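Since this is a predicted model, take the numbers as computed values, not measurements. Index from 1, following the sequence. Just so you know, these numbers use all the heavy atoms, side chains as well, and skip hydrogens, waters and symmetry mates.
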Amino acid sequence: MKTIIKYFFTFGLFLSFTACVSPSGNEKNSTAKNENVVAKNIIFMIGDGMSYAQIQAAETALNKRLVMNSMPVTGNVTTYSADKLITDSGAGGTALATGHKTNNGMIGMRADSTAVESLLEIFADAGKKTGMIVSCGITHATPAAFVAKDVNRNNYEAIAADIADSEKLHYFVGGGRDHFQKRKDGVDLLSKMKEKGWQIFDDLNEIDVQSERFGVFVADEHPGSAADGRGDMLPKGTALLLKKMSTNPQGFFLMVEGSQIDWAGHNNDSAYLVQEMADFDATVAEVLAFAQHDGETLVIITADHETGGLTLVRGANKDYNKVRFHFSTRSHTSLSVPVYAYGPGAERFSGAYDNTDIFGKVLLVAGL
Ligand SMILES: [Zn+2]
């Protein structure tokens, strides 16, 4: 069994840290027990492969409380798919996006291949602006589950075509340009999208804030890691999208994914995991700062599954005052994952339930 010894941690220092966000002050923002409360905006954050151990590992290594752990409401959800006890990101993303269990590998459809609507699509139909920002290719399983319909998550070029054809998506930031432009069928989806009013950028700094529909490709395939390549693209891009999308009088739906937490788990790489968790939590800080100021925004943070079978065990020489990261698999596990909620209607997300239940709760809180 492979054990990675990298991070040690002192309880005293840890306990002295105070959470950055204090959600209790503003009555408008509080999780009041008002059954009729309606959130105008939804920010749906997904840490791919992030369960309790990933969160605590990051807190241990960074020696501070994560911002997500300052959120007032927590729940936990089961993640099994329609055909397996251990889900993949296709079925996991589909459960979160559509409220339906599906088979591993499928996206945006039920196990019987019936396509189903996603939260993003339902919110677009309700007049809200919709967006996605991810630290992987935009055609990857999790973002794909919010827009595309395919029996196989690896059909990246078909997924790119679904994204290009979607009338429901307004903004995106991520990698995956090659699936739109260097295709086996020779079709240049980006020029088609431009004809339909999309603006396509290579860099966050190029964004034309007047544009009503844009995509930013920060990479031809996947963006680099937070520590090596993409830098602060996720928190910075999320802040930019919030600034843009919040101008819509009818509100918005934004999906944010910390995609590479999962890849660090697959690699059993502690340093990579901590960096990706820190990056995701920096993005949570941007989101909560926005939601706290806005007062009409529900923030949900959850995960599609756990990756790596991570646990925290005693240090070398039976030292119970130190912890080591210990991965038990290079794959996903069946562990349940946390749900954090903040904003109007947040209290509906407490307790233990299934990942498909999040969908209905979000619609209820949004009044849809
Ligand atoms: Zn994975």
side-chain hydrogen bond (donor to acceptor under 3.5 Å, both in side chains) involving [X] - partner list, sequence neighbours excluded:
X      : answer
Asp357 : none
Lys128 : none
Ser336 : none
Ser51  : none

Residue pairs passing the salt bridge (charged side-chain N to carboxylate O under 4.0 Å, His left out) test where at least one lies in [range], sequence neighbours excluded:
range            : answer
residues 85-98   : Asp88-Arg153
residues 113-125 : Glu121-Lys149, Asp125-Lys168
residues 254-267 : none
residues 239-256 : Glu212-Lys244

Review point. Looking at residues at least two apart in the chain, or sitting in another chain, which of them share a side-chain contact (heavy atoms from CB on, under 4.5 Å) with Phe290?
Key: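 Once residues adjacent in sequence are excluded, the partners of Phe290 under the side-chain contact (heavy atoms from CB on, under 4.5 Å) criterion are Ile43, Leu242, Ser246, Phe252, Asp294, Thr297.
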Review point. Lys236: what forms a side-chain contact (heavy atoms from CB on, under 4.5 Å) with it, not counting sequence neighbours?
Key: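 With sequence neighbours excluded, Lys236 shows a side-chain contact (heavy atoms from CB on, under 4.5 Å) to Leu204, Asn205, Asp232, given in chain and number order.
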**Study point:** Stepwise ring-ring contact (aromatic ring centres under 6.0 Å, His included) test for Trp198 and Phe180
**Key:** CA-CA 13 Å; Trp198 283 86; Phe180 291 78; 8.9 Å; no
Exercise for review: Mind checking salt bridge (Lys or Arg N to Asp or Glu O under 4.0 Å) for Lys196 and listing every partner two or more places apart, or none if nothing turns up?
Suggested key: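 Checked Lys196 against salt bridge (Lys or Arg N to Asp or Glu O under 4.0 Å); matches are Glu167.
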Practice item. With sequence neighbours excluded, tell me which residues meet salt bridge (Lys or Arg N to Asp or Glu O under 4.0 Å) with Asp281. Key: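 Listed in chain order: nothing, the list is empty.
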Point to revise | N-O pairing of Asp188 and Arg183 below 4.0 Å | key: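 Salt bridge flag = no for Arg183 with Asp188.
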Check your understanding: Is there a chain of hydrophobic side chains (I, L, V, M, F, W, Y, each step under 4.5 Å between heavy atoms) that links Tyr80 to Ile86?
Key ->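 As far as the 4.5 Å side-chain criterion goes, Ile86 and Tyr80 are not connected within one cluster.
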